[in-house]
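Data block below; observations after.
Residue numbering restarts at 1 for every chain, and letters A, B, ... go by the order of the sequence lines.
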Amino acid sequence: MKVAREHYRSVKDLPADEIIAPGSPLCAGCGALTTLRLFHKVLGGNAVVVNAAGCMTLMATYPFTPLRSSWLYTTMASPSAGAQGLRDALDILMESGRLPKDENLNVLVLAGDGSTLDMGLSSTSGAIHRGLDFWYLCYDNEAYGNTGFQASSASPLNSHTATSPLGTPWVKKDIFEIWRSHRPPYVATISAHDAVDLAEKVERARPLRGAKLFVALATCPPGWGFEPAMGDDLAKLAVETGIWPLKEAVEGSIRHTFIPERRRPVEAYLEPQRRYRHLFQPERRPEAIAAIQEAVDRYWDATIASERP
Amino acid sequence: MTTTMLTGNASAAWGARLAEARYVPAFPITPQTEIIESLAGWFADGSMSGRFVTLDSEHSMMTAAGAAAAAGVRTFAATSSQGLLYAMEVLYTVAGWRVPFVLVNVSRGLSAPITLGPDHNDVLAARDSGFVQLHAETCQEVLDSVLMAYRIAEDDRVSAPVLVNLDGFFLSFTREPVELPDPEEVRRFLPSPEARPLGFTASRPAARGVAVLEGPTYSYFRYQLHLAVEQARAVHDEAAEEFERRFGRRYGAIDGYRLDDAETVLIMAGSFATKGRAAVDRWRSKGRRVGLLRLRMIRPWPAADLAAALSGRKAVAVLDQNLAPGLGGILFQEVAAVLAQCPGHPPVLRSFVGGLGGKEISRGEFDHLLNITEHARPDEGPVGPVLLMTAREAEQVGQRLRIAGHVPEEVVS
Ligand SMILES: Cc1ncc(C[n+]2csc(CCOP(=O)(O)OP(=O)(O)O)c2C)c(N)n1
Ligand code: SF4
């Protein structure tokens, strides 16, 4: 079931303009880049991207940048503080008449899950709490990708990373709920697989003042272990198995923008990925797979009970 | 121009106010708090315009400060001790962005053990970050240095952040008569805060802080920063000259006291230099040829000034209010490096460490230091740093150790 859309009916309605030029040193089939490309074209080019250390940092390497927008690389822990400084500065400049309104910029934090859920959480929590008017895009590839795919607190249960060779023993942190507990005007999960849903959400957030926070599941060929061409299939499976729910919270109240009526078993999503291979080879580990399935089922049982009258 | 009684902290805040800083990201730490509380009040009552915002940490505060400065807004920040170290990653980052703003550090000893009293290990930990560093001795100098710091930071030849240091407690909470410069005169001394170039606009997108993955290009940018900080030496003097013209007070990169015919020179930094001057006066009254050299500018390191001031002397003592474990006094090392390259360098060079964590430096300790230095022989070779402490203080330490059960009764008596 999909919610009714107000701004975009199909991908054809999305702006044709590209903000990111092709050609970057990122991996082939990088889901994070695709997400940013879509997100940015909907948001528009009048933006300054405040970046945290991670894979996307390598998008702009001197003297090149693929962006038509502005860029400020900060640190791993403080992109939202960078956003605070920039937003405040732009506002001060507009108030004193030095920056004409049409020269104003959206401030967009671009950070991975490691920065977002771990080191940078304090600076983002502060920025949301202070009501900072900014955009935040977390591309969640479920590990510290740039350093070679080590476990972050977004790494899902039983997934293999370079520092959890037997599978991550912890459950993924729920950044959507952590953010939502701060009462920002807008929080959403998105997926590059559903570009219309993504675009719709950017549009719904646009008129709101305050933190507009997005977390996207970002398929990562080298980290997850799959052929780059399969990226969209996996993104689609993540949504159809119910592993990656698409939802939003406006002023705190949640609704799911897509409810998979007949969820596919999580195995369909897990098995093609090398990071889950130990669940299937040398022999199947049904209890480990079942633990993942049960968490998904519990989530959707509760969701359907609360969102269906 | 009015004269009023101000603490060092209030003087720092007045510096930011008179410089018309438009943005102050803040985070509290003793003994810096009075600075940000004063500024918060002035933004609230309209005496200052722009924004004051409390961040979630000094790491965030420094990032916000750098970002706002990059966007073209005159920015001020203040911290101390643990806060400066918490922000250390960002000090290097924003210096690398080449953004001009002013940071005041109120010196305080570092943990562990956690303490509140001042010494210079905090600020010297930042000496290689790419910030210009000025150390003040008096409340007046704090205020004046903040104004000069904006001139230096925003000069195109420098375009780097400037740190102004004052000692916690001894300066931060001590009231001294301070002349408040006339705001109109400050406006003539400093470029308008509205004249800063804008960093990011819709029609002129820019990329800042981009990755540089080739060693040669990285080397180029780091060396550029080195040259820029070195430029601050000359820019400081130009600013000092105009400052004197407008406000009647003159500051040098180094500050000599009774140096003219001095054979023995004591080198210090910060507010304790006032105590050093008193020691020099006492020794002078006994006919001894001693003088004091206060280090005001720590970065860029005023090597040429030091070489000129010290060559031909008989003995030099460096009194460090810091301790690099396994090395000794930090400034001693830097002075020694200058003298090693200086023809006619003084045959005697001695290192002393004192005043750690706010410990007093008494008359007796100054006398002891000058005595050792005067009587040292050039052929003694390197002598480790002498830790200054009075017998009474040592007894006090012993008492604490006994109470804590860390030494048996008979060992420390
Ligand atoms: C303070 C600090 N610690 C560690 C690093 C090393 N580091 C650079 S990128 C990165 C991984 C970031 O992970 P994430 O935020 O998930 O982004 P991704 O790399 O996956 O794009 C790490 C650990 C750093 N840059 N800064
Ligand atoms: S490691 Fe993953 S997230 Fe990083 S650039 Fe490659 S595909 Fe993208």
Side-chain angles (χ1 to χ4, degrees), chain A residues 25 44-51 53 57-65 67-93 95-107 119-120 122-127 129-130 132, chain B residues 22-25 27 49-75 77 86-87 89-90 92-94 96-97 99 101 193-214 217-218 220-221:
Chain A
N46 287 352
V48 51
V49 179
V50 193
N51 176 237
T57 302
L58 300 183
M59 207 161 54
T61 47
Y62 190 82
F64 305 110
T65 168
L67 291 165
R68 268 172 40 201
S69 51
S70 284
W71 175 265
L72 179 68
Y73 166 69
T74 54
T75 68
M76 188 168 167
S78 60
S80 298
Q84 179 84 46
L86 287 176
R87 184 67 270 153
D88 287 340
L90 293 166
D91 289 346
I92 291 167
L93 293 171
E95 279 160 24
S96 62
R98 293 179 62 204
L99 186 75
K101 293 259 184 302
D102 58 357
E103 288 285 353
N104 188 20
L105 298 169
N106 283 309
V107 178
M119 209 185 270
S122 158
S123 75
T124 306
S125 169
H129 171 242
R130 292 184 295 267
L132 184 70
Chain B
R22 296 282 189 244
Y23 189 52
V24 179
F27 194 86
S49 69
R51 291 264 194 301
F52 176 97
V53 51
T54 306
L55 271 290
D56 47 280
S57 73
E58 290 86 353
H59 189 280
S60 284
M61 174 188 92
M62 214 64 74
T63 308
V73 169
R74 187 171 284 168
T75 298
Y86 200 73
E89 174 189 28
V90 189
Y92 280 72
T93 300
V94 297
W97 291 352
V99 289
F101 67 95
E194 325 302 351
R196 299 274 330 281
L198 301 186
F200 305 96
T201 63
S203 58
R204 290 192 51 218
R208 203 147 197 165
V210 293
V212 173
L213 299 181
E214 305 135 344
T217 312
Y218 178 82
Y220 167 83
F221 282 116

- Give the minimum heavy-atom separation between B/A211 and A/T57, together with the two atoms involved. CB-O, 4.2 Å
- Item | Note, A/T75 side chain near B/H59 side chain (heavy atom, < 4.5 Å) | yes
- Message: Heavy-atom cut-off 4.5 Å, strictly under: side chain, backbone, both or neither for A/L105 against chain B?
- Response: side chain
- Okay, B/S49 and chain A: the region with an atom under 4.5 Å from a heavy atom over there is neither
- Query: Measuring heavy-atom distances to chain A, does B/A195 have an atom under 4.5 Å in its side chain, in its backbone, in both, or in neither?
  - Reply: backbone
- Item | A/N106 portion near chain B, given a 4.5 angstrom heavy-atom threshold | neither
- Message: For B/A206, is there any backbone N or O sitting under 3.5 Å from a side-chain donor or acceptor partner on A/S70?
- Response: yes
- Message: Taking B/R51 first and then A/E95, would you say they form a salt bridge - that is, a charged N and a carboxylate O separated by under 4.0 Å?
- Response: yes
- Minimal heavy-atom distance between B/T63 and A/S78, with the atoms involved, is OG1-OG, 2.8 Å
- Task: May I ask you to decide if B/G72's main-chain N or O and A/R98's side chain share a donor-acceptor pair within less than 3.5 Å?
- Result: yes
- Structural part of A/N104 lying under 4.5 Å from a heavy atom of chain B: backbone
- Is it the backbone or the side chain of A/L67 that comes under 4.5 Å from a heavy atom of chain B, or both, or neither? neither
- Item | Pairs satisfying salt bridge (charged side-chain N to carboxylate O under 4.0 Å, His left out), at least one member in residues 75-88 of chain A, at least two apart | A/R87-A/D91
- Query: Quick one: are A/E103 and B/S203 in side-chain contact, heavy atoms under 4.5 Å?
  - Reply: yes
- Query: Taking all non-hydrogen atoms of both residues, which atom of A/Y62 and which atom of B/F221 are closest, and how far apart?
  - Reply: CZ-CZ, 3.5 Å
- So, for A/A81 and B/L55, which heavy atoms are closest and what is the spacing to 0.1 Å? CB-CD1, 4.3 Å
- Taking all atoms of both residues into account, what is the closest heavy-atom pair of A/L86 and B/A71, and its distance? CD2-CB, 4.0 Å
- Task: Give, for atom CG of A/L93 and atom CZ of B/R196, the distance between the pair rounded to the nearest 0.5 Å.
- Result: 9.5 Å
- Task: Nearest 0.5 Å please: distance from the CG atom of A/L90 over to the CZ atom of B/F200.
- Result: 9.0 Å
- Greatest number of heavy atom pairs closer than 4.5 Å to chain B - which of A/T65, A/N51, A/V50, A/N46: A/N46
- Applying side chain to side chain donor-acceptor pair (under 3.5 Å) to B/S57 and not counting sequence neighbours gives none
- Message: Is B/V53 in contact with chain A via its backbone, its side chain, both, or neither, using a 4.5 Å heavy-atom distance?
- Response: side chain
- Could you look at A/L58 and say if it's the side chain, the backbone, both or neither that has a heavy atom under 4.5 Å from chain B? side chain
- Where on A/S122 is there a heavy atom nearer than 4.5 Å to chain B: the side chain, the backbone, both, or neither? both
- Other residues, nucleotides, ligands: >12 heavy atoms within 6.0 Å of B/Y92 OH: yes
- Query: Considering only heavy atoms from C-beta outward, does the side chain of A/T61 approach that of B/E214 to under 4.5 Å?
  - Reply: no
- Given side chains that start at C-beta, do those of B/P25 and A/Q84 come closer than 4.5 Å, heavy atoms only? no
- Minimum side-chain heavy-atom gap A/T74-B/T93 below 4.5 Å: no
- Message: If I compare all heavy atoms of A/G82 with all of B/A67, which pair ends up nearest, and what's the gap?
- Response: O-CB, 3.4 Å
- Message: Please classify the contact between B/E194 and chain A as side chain, backbone, both or neither, with a heavy-atom cut-off of under 4.5 Å.
- Response: both
